[in-house]
Participant: 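What follows is a structure written as structure tokens; I'll ask about it next.
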Amino acid sequence: MAGGMNLFRFFMLQIIVLSLFTLHAEGQGLKVGFYKKSCPQAEVIVSKVISDVMAVAPSLSGPLLRMHFHDCFIRGCDGSVLLDSPTNQSEKFSPPNLSLRGFNIIDRVKVALEKACPDVVSCADIVALVARDVTVATKGPFWEVETGRRDGNVSLFIDPITPVTGLPSFTSNISVLKQSWALRGLSTKDLVVLSGGHTIGISHCSSFDSRLYNFTGKGDTDPTMDPNYIARLKLKCKPNDQTTFAELDPGSFKTFDDSYFKLVTKRRGLLQSDAALLDDPETRAYMIQATSRGSTFFKDFGVSMVNMGRIGVLTGSQGEVRKVCTKSN
């Protein structure tokens, strides 16, 4: 009988643990206006700093939007991508994160918030709010950002490059991309919608030059890419070029719009992971809808950003609120 009771308790404990994990994974504890009483001017302060930054450095919009994605996909949206390491062993030094820029802007926002409300607003929430504000600054959609995240204190170099659970590569095929999003509770629609964030920003030639010069190791080009576009890119990117940038959305890379989807459907997506969106009926159909009259892309982008912002969050008494975003308290 005692053994049966112990077994029953074990199963009940498992159920409780699983239910707690589910709540944790779905952003339990987040809400719009979390700082309404504790720091009523928080979102205004963030918006003001970003407005000032965008006036002089609009090219930071893409990297600052991408920072939220890089943060949330590793250990959840906990600000772990911001942490420094004396031996360069934190996430920000991992290869997929070396192209991130704008950490100093997050620090600038934090200083302004600490001045107004010391020890209140988390760095993880700053990253989420900044992602929204740079989108708005580039003529993109506004959405209400859920806040209440706490900051994590673990950040490991290996996590972003770990197979399956790490950051999806710019060479990923559609199966890998869908798996990566699903692992984090995101849908295929979230995948294609959030890929639309590539409407702003740039990429190193080294991220796609194999598509231009050596796609299968035989000195060939990627047959899925528009040959005229390849010819144009070759004028900008020479073989093994490690320094030159190309616009992800040529002609409007500083404006948040639907032209990224137009380019991808014309086989002019810059990265393999962009082109991969043509290989799935759902993602392909969405891209066509997103560029037609009655497009829901702007509304959908806000919804998917909220979904992403709920991944693995720390709330309540979990984690901490860092005084400085680059180091744990």
Side-chain angles (χ1 to χ4, degrees), residues 16-51 64-82 106 109-110 112-137 140-154 181 183-187 189-190 193-194 197 296 298-323 325 328-329:
I16 291 167
V17 168
L18 281 170
S19 64
L20 283 172
F21 176 78
T22 303
L23 291 174
H24 177 85
E26 291 178 355
Q28 190 79 358
L30 298 183
K31 67 176 184 178
V32 172
F34 180 85
Y35 299 109
K36 195 171 183 180
K37 291 182 180 176
S38 58
C39 190
Q41 293 298 305
E43 295 197 26
V44 173
I45 291 168
V46 176
S47 180
K48 173 68 169 67
V49 173
I50 293 306
S51 178
L64 286 167
L65 174 58
R66 196 156 56 95
M67 190 180 290
H68 188 32
F69 161 69
H70 281 234
D71 184 35
C72 291
F73 266 52
I74 302 298
R75 293 188 172 271
C77 313
D78 68 344
S80 55
V81 75
L82 306 173
I106 303 297
V109 172
K110 181 62 170 171
L113 285 167
E114 286 298 298
K115 192 174 178 181
C117 319
D119 304 325
V120 173
V121 182
S122 70
C123 298
D125 276 344
I126 291 172
V127 172
L129 290 165
V130 165
R132 189 267 311 278
D133 289 347
V134 296
T135 302
V136 172
F142 173 91
W143 64 92
E144 295 284 4
V145 175
E146 294 177 339
T147 43
R149 297 169 191 80
R150 306 264 292 177
D151 297 321
N153 53 22
V154 177
W181 259 251
L183 273 174
R184 293 158 173 92
L186 298 179
S187 67
K189 182 178 180 180
D190 290 323
V193 168
L194 292 173
T296 56
F298 270 36
K299 178 177 74 68
D300 294 340
F301 191 79
V303 171
S304 288
M305 286 294 285
V306 169
N307 291 341
M308 185 179 77
R310 293 172 175 167
I311 299 172
V313 293
L314 303 173
T315 58
S317 60
Q318 299 169 319
E320 62 185 7
V321 174
R322 290 181 215 142
K323 295 178 185 296
C325 289
S328 188
N329 292 346

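Everything quoted here is computed from the prediction, not taken from an experiment. Side chains are part of it too, since the values below use all heavy atoms of this structure and drop only hydrogens, waters and symmetry mates.
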Participant: Would you name the heavy atoms of Ala124 and Gly79 that are closest together and state the gap between them?
Facilitator: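 Result for this residue pair: CB-N, 3.7 Å.
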Participant: Would you call Ile311 and Leu186 a side-chain contact if the rule is heavy atoms closer than 4.5 Å?
Facilitator: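 The answer is yes, as the side chains (C-beta and beyond) meet within the 4.5 Å cut-off.
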Participant: What distance separates Cys123 SG from Ile106 CD1, expressed to the nearest 0.5 Å?
Facilitator: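 Going from SG on Cys123 over to CD1 on Ile106, the span is 8.5 Å.
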Participant: Taking the side chain as every heavy atom from C-beta outward, state whether Asp300 and Lys189 have any pair of such atoms under 4.5 Å apart.
Facilitator: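 They are in side-chain contact.
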Participant: Here's a test for you: under salt bridge (charged side-chain N to carboxylate O under 4.0 Å, His left out), which of Lys110, Lys31, Arg149 qualifies with Asp125?
Facilitator: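 Answer to the salt bridge (charged side-chain N to carboxylate O under 4.0 Å, His left out) test with Asp125 among Lys110, Lys31, Arg149: Arg149.
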Participant: Identify the heavy atoms of Val49 and Ala112 that sit nearest to each other, and give their distance.
Facilitator: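 Closest approach of Val49 to Ala112: CG2-CB, 4.2 Å.
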Participant: For Phe69, give me all partners under ring pair (Phe, Tyr, Trp, His ring centres under 6.0 Å), at least two apart in sequence or on another chain.
Facilitator: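 If we apply the ring pair (Phe, Tyr, Trp, His ring centres under 6.0 Å) test to Phe69, skipping adjacent residues, the hits are Phe73, Trp181.
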Participant: Drop me the distance from Arg310's CZ to Cys72's SG, to the nearest 0.5 angstrom.
Facilitator: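 So the CZ of Arg310 and the SG of Cys72 are separated by 12.0 Å.
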Participant: Quick one: closest heavy-atom pair of Gly148 and Thr315, and the distance?
Facilitator: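 Closest approach of Gly148 to Thr315: O-CG2, 3.7 Å.
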Participant: Start with the C-alpha distance between Arg150 and Val321, add both sets of side-chain angles, then the distance that settles side chain to side chain contact (heavy atoms under 4.5 Å, CB included), and finish with yes or no.
Facilitator: CA-CA 6 Å; Arg150 306 264 292 177; Val321 174; 3.5 Å; yes
Participant: Just so I know, are the side chains of Val120 and Leu113 near enough to count as touching, which here means a heavy-atom distance under 4.5 Å?
Facilitator: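 Counting from C-beta outward, Val120 and Leu113 never come under 4.5 Å.
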Participant: Is there a side-chain contact between Val109 and Ile45 in this structure, where contact means two heavy atoms from C-beta onward sitting under 4.5 Å apart?
Facilitator: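 They are not in contact (no side-chain heavy atoms under 4.5 Å apart), so the answer is no.
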Participant: Taking the side chain from Asp190 and the backbone from Ser187, do they hold a donor-acceptor pair closer than 3.5 Å?
Facilitator: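 Yes; at least one donor-acceptor contact below 3.5 Å.
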Participant: Within the side chain of Thr135, is there an N or O that forms a donor-acceptor pair under 3.5 Å with the backbone of Ala131?
Facilitator: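 Pair found, side chain donor or acceptor close to backbone of Ala131.
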Participant: Assess, by modelled atom type and distance only, whether the side chains of Ser304 and Asn307 contain a donor and an acceptor separated by less than 3.5 Å.
Facilitator: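 Checked: Ser304/Asn307 side chains show no N/O donor-acceptor pair below 3.5 Å.
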Participant: Please report the closest heavy-atom contact between Cys325 and Ile126, naming both atoms and the distance.
Facilitator: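 Between these two residues, the closest heavy atoms are SG-CD1, 4.4 Å.
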Participant: Calculate, to the nearest 0.5 Å, the distance between atoms CG and CZ belonging to Asn153 and Arg322 respectively.
Facilitator: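 Asn153 CG to Arg322 CZ: 8.0 Å, rounded to 0.5 Å.
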Participant: Between atom CZ of Phe301 and atom OG1 of Thr296, what is the distance when rounded to the nearest 0.5 Å?
Facilitator: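 Spacing of CZ (Phe301) from OG1 (Thr296) equals 13.0 Å.
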Participant: Give the minimum heavy-atom separation between Lys323 and Asp119, together with the two atoms involved.
Facilitator: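 Of all heavy-atom pairs spanning Lys323 and Asp119, the closest is NZ-OD1, 2.8 Å.
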Participant: Working to the nearest 0.5 angstrom, can you tell me the gap between Leu82 CG and Asp151 CG?
Facilitator: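 Answer rounded to 0.5 Å: 8.0 Å.
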Participant: Could you check whether any side-chain heavy atom of Arg132 comes within less than 4.5 Å of a side-chain heavy atom of Val46, counting everything from C-beta outward?
Facilitator: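 Result no, sub-4.5 Å side-chain heavy-atom pair not found.
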Participant: I'd like to know whether Leu65 forms a side chain to side chain contact (heavy atoms under 4.5 Å, CB included) with Met305, so could you lay out the CA-CA distance, the side-chain angles of the two residues, the decisive distance to 0.1 Å, and finally the verdict.
Facilitator: CA-CA 10 Å; Leu65 174 58; Met305 286 294 285; 3.6 Å; yes
Participant: Should Pro141 and Lys299 count as side-chain neighbours, where that means a heavy-atom distance under 4.5 Å?
Facilitator: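 The answer is no; the side chains never approach within 4.5 Å.
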Participant: Answer whether the closest heavy-atom distance between the side chains of Glu146 and Val313 falls below 4.5 Å.
Facilitator: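 Answer no - side chains too far apart.
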Participant: Looking at Val121 and Ala42, what are the two nearest heavy atoms and their distance?
Facilitator: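 The pair with the smallest heavy-atom distance is CG2-CB, 4.1 Å.
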